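Note that these values count all heavy atoms, side chains included, but never hydrogens, waters or copies made by symmetry. None of the values given here were measured: they were computed from a predicted structure. If you read the sequence from its start, that first residue is 1, and numbering goes on from there.
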Amino acid sequence: LLLSGVSGSGKSTSARTMILNSILQDIEIYVHDNKSSNDYDIFKNHLHLSKGIEEFSDLLKELENKINSHNKKPILVFIDEVFVLKLGDKKEKFYDRLALILSTARSFNIHFVIISQRCTTEILPSALTTHCSNRICLQTSTKQESQNMIYCEDAYYVTKKGYGYFSINGKLKQITTFYLTDEEINNLLPPVKINPIIEETTKSYMVGGVE
């Protein structure tokens with residue numbers, strides 16, 4: 001899934017709802033926030049959370065290992081603000097590595113939600129977008145960006161936060177995304193799984209008749 005829209009259009013809010021639903025379905029989730037914000041901290045005890053461009057290479061390595069081990073367990077990966085990757089792409093080849101993972105991940109039950117404030121071909125090259133047949137487009141800053149996302153200019157004229165269009169294999173539907181407060185999310189999250197504490201016990205031995 002490709003999720004795009006201008007700043008403040010409701011991308012992270014939409015992603016948080018998707019993440020909550022996935023947690024409730026007991027799906028293994030990875031969230032990488034290139035903005036290094038606190039948007040996803042509320043879920044930190046329920047998923048794998050990483051932040052900043054410095055940690056993105058570690059995420060890619062983890063996913064590459066999952067593919068090499070022929071993973072079959074459902075995994076959902078959220079990458080927020082993918083445009084930041086361009087800053088380190090010349091050295092780390094982030095786009096190339098991510099595109100290669102996207103090309104094979106579905107075969108190993110690994111699925112992605114890629115989030116971007118901009119949806120120009122410079123920020124989102126075809127090597128990435130060709131693997132995203134499902135798209136949510138909230139308000140865009142230009143008509144061309146709306147065209148790039150959903151092949152029409154309609155998203156450019158959206159004025160309300162959380163309103164936009166959902167393209168499913170090219171079929172377009174007008175949508176309104178959900179909004180949940182931190183309190184509502186906390187009330188819906190399942191209890192955190194904590195490993196039981198095993199108390200150490202002292203064993204007594206009889207040595208020479210003395211305990």
Treat each ILVMFWY residue as a node, draw an edge where side-chain heavy atoms are under 4.5 Å apart, and state whether Leu76 and Leu3 are in one component.
-> yes
Kindly indicate whether the side chain of Glu81, heavy atoms from C-beta on, has any atom under 4.5 Å from the side chain of Ser37.
-> no
Return the minimal non-hydrogen interatomic distance between Ser14 and Gly10, and the atom names on each side.
-> OG-O, 2.8 Å
Are the side chains of Leu1 and Met18 in touch, meaning some heavy atoms are under 4.5 Å apart?
-> yes
Pair His48, Glu62: side-chain N/O donor-acceptor within cut-off below 3.5 Å | no
So do Phe108 and Leu63 actually touch side chain to side chain, heavy atoms under 4.5 Å?
-> no
Linking I/L/V/M/F/W/Y whenever their side-chain heavy atoms sit closer than 4.5 Å, directly or via other members, would Val6 and Tyr163 fall into one cluster?
-> no
Interatomic distance, NZ@Lys51 vs CG@Asp41, rounded to 0.5 Å, equals 3.5 Å
Can you check whether Leu59 reaches Tyr30 side chain to side chain, under 4.5 Å on heavy atoms?
-> yes
Can you find a heavy atom in the side chain of Lys11 that is under 4.5 Å from one in the side chain of Leu138?
-> yes
What are the two closest heavy atoms between Leu124 and Cys119, and how far apart are they?
-> CD1-CA, 3.7 Å
Minimum-distance pair of heavy atoms, taken over all atoms of Gly164 and Val158 = CA-CG2, 4.3 Å
N-O pairing of Asp80 and Arg16 below 4.0 Å | no
Can you find a pair of side-chain heavy atoms, one from Leu100 and one from Arg97, that are under 4.5 Å apart?
-> no
Can you name the closest pair of heavy atoms from Leu20 and Leu180 and give their distance?
-> CD2-CD1, 3.6 Å
Return the orientation label for the Phe56 and Phe94 ring planes: parallel under 30°, perpendicular over 60°, tilted otherwise.
-> perpendicular
Note, Arg118 side chain near Ser141 side chain (heavy atom, < 4.5 Å) | yes
Between the side chains of Asn68 and Glu64, does any donor sit under 3.5 Å from an acceptor?
-> no
Quick one: are Met149 and Leu2 in side-chain contact, heavy atoms under 4.5 Å?
-> yes
